[in-house]
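A quick write-up on the structure given underneath.
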Protein chains: 2
Amino acid sequence: MYDIENSIGFLISKVYQRGFGIFKDELERYDLTPQQFGLLAFLWIEDGLSQTVLSQKTQIDRTTIGGLIDRLEKLGLVGRLPHPEDRRAYRICLTDRGTDLEKELCAIAAGVTQKFLAPITPEEQTVLRTILKKLRTSQEGTP
Amino acid sequence: MYDIENSIGFLISKVYQRGFGIFKDELERYDLTPQQFGLLAFLWIEDGLSQTVLSQKTQIDRTTIGGLIDRLEKLGLVGRLPHPEDRRAYRICLTDRGTDLEKELCAIAAGVTQKFLAPITPEEQTVLRTILKKLRTSQEGTP
DNA sequence: TTCAAATTGACAGCATGCTGACTATTTGTA
DNA sequence: TACAAATAGTCAGCATGCTGTCAATTTGAA
């Protein structure tokens with residue numbers, strides 16, 4: 001009998017679901033999803049990158065990121081500018097509105113994080129972060 | 001600036017993605033997804049329940065579980081039997097084939113778990129499980 | 001230089017997860 | 001009993017995430 005209730009994979013999926021749900025509710029009035037926020041967070045660090053580079057940095061599938069950008073574009077938060085060195089590619093850039101939202105959205109994210117992590121102590125948060133970073137290992141071998 | 005690379009929410013989503021991907025690859029030859037395995041794992045504990053009860057036990061949305069059962073039904077692993085006390089409901093039951101797959105699929109799940117958790121020690125696994133259980137808290141208040 | 005191979009982004013197709021609306025049925029109350 | 005409210009399951013619609021395929025373009029090697 002598989003003890004699914006105590007399996008780490010199952011628990012991660014449910015914890016992920018809970019966090020996602022909390023975040024989703026808070027972002028509702030911006031018409032944004034947690035994934036869209038995630039992409040914006042990378043763009044606030046550096047924009048003007050191509051979709052492929054963004055896909056690698058964010059570890060979001062390159063076909064998925066196309067749709068994400070479509071929707072952020074519709075919301076007027078990012079734009080696709082022509083790439084000066086490659087006519088196949090775009091430079092994905094924040095609009096003024098996309099840039100301006102940083103402070104407001106980050107405050108919301110901080111609130112969500114607090115609510116989400118309320119059940120555990122700050123020490124446990126540190127331990128969890130450390131363990132998760134180890135588990136994130138993606139491309140090992142298979143070149 | 002939001003340090004998304006070190007935020008627990010982002011890390012959980014990527015760790016979840018990695019685990020899901022490993023599991024998905026291993027289940028490919030059965031035409032099953034990790035979610036379908038998860039539902040089967042609950043059915044191996046107890047079947048004959050209604051979709052709503054299953055939805056509550058598994059914390060899978062009731063509309064999502066309908067589709068999951070559709071596909072498991074097509075694969076011949078579960079069946080929808082009439083509910084003796086409620087003509088609106090079904091009893092979701094494993095077929096012989098669904099029952100027989102338990103051992104084989106659980107062995108695969110064990111292998112996936114091992115591969116997935118390889119980057120951390122058994123002690124860390126215990127700590128992680130404990131923390132995740134605390135973070136799973138779902139319905140607190142709002143009755 | 002030329003042309004095959006690789007790359008960029010788009011699209012179709014499928015599964016999951018959620019919302020909201022709908023039908024059929026059951027429950028609980030006046 | 002009669003009828004409103006609640007419940008079981010379905011469906012449409014949307015976002016994410018992935019696979020596979022395709023056209024346009026760039027790259028690299030003969």
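Numbered from 1 within each chain, the chains take letters A, B, ... in sequence-line order. These numbers come from the heavy atoms of this one structure, side chains and all, not from hydrogens, waters or symmetry mates.
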Regarding the side chain of A:Arg62, the nearest nucleotide among C:dA21, C:dG9, D:dC18 is C:dG9

Answer with yes or no whether A:Arg88 presents, from its side chain, a donor or acceptor under 3.5 Å of a partner atom in the base of D:dT25. yes

Angle class for the B:Tyr16/A:Tyr16 ring planes (parallel below 30°, perpendicular above 60°, tilted otherwise)?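 If you compare the ring of B:Tyr16 with that of A:Tyr16, the planes turn out parallel.
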
Using only side-chain N and O atoms of [X], determine if any of them is under 4.0 Å from OP1 or OP2 of [N].
| X | N | result |
| --- | --- | --- |
| A:Gln36 | D:dT16 | yes |
| A:Arg87 | D:dA23 | no |
| B:Gln35 | C:dA15 | no |
| A:Arg71 | D:dC14 | no |
| B:Gln51 | D:dT10 | yes |

With heavy atoms under 4.0 Å as the rule, sort [X] into base, sugar-phosphate or nothing.
| X | result |
| --- | --- |
| A:Thr63 | base |
| B:Tyr90 | sugar-phosphate |
| A:Thr33 | sugar-phosphate |
| B:Thr52 | sugar-phosphate |

Round to a whole Å and report the spacing from NZ of B:Lys24 to P of C:dC14.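 That distance rounds to 14 Å.
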
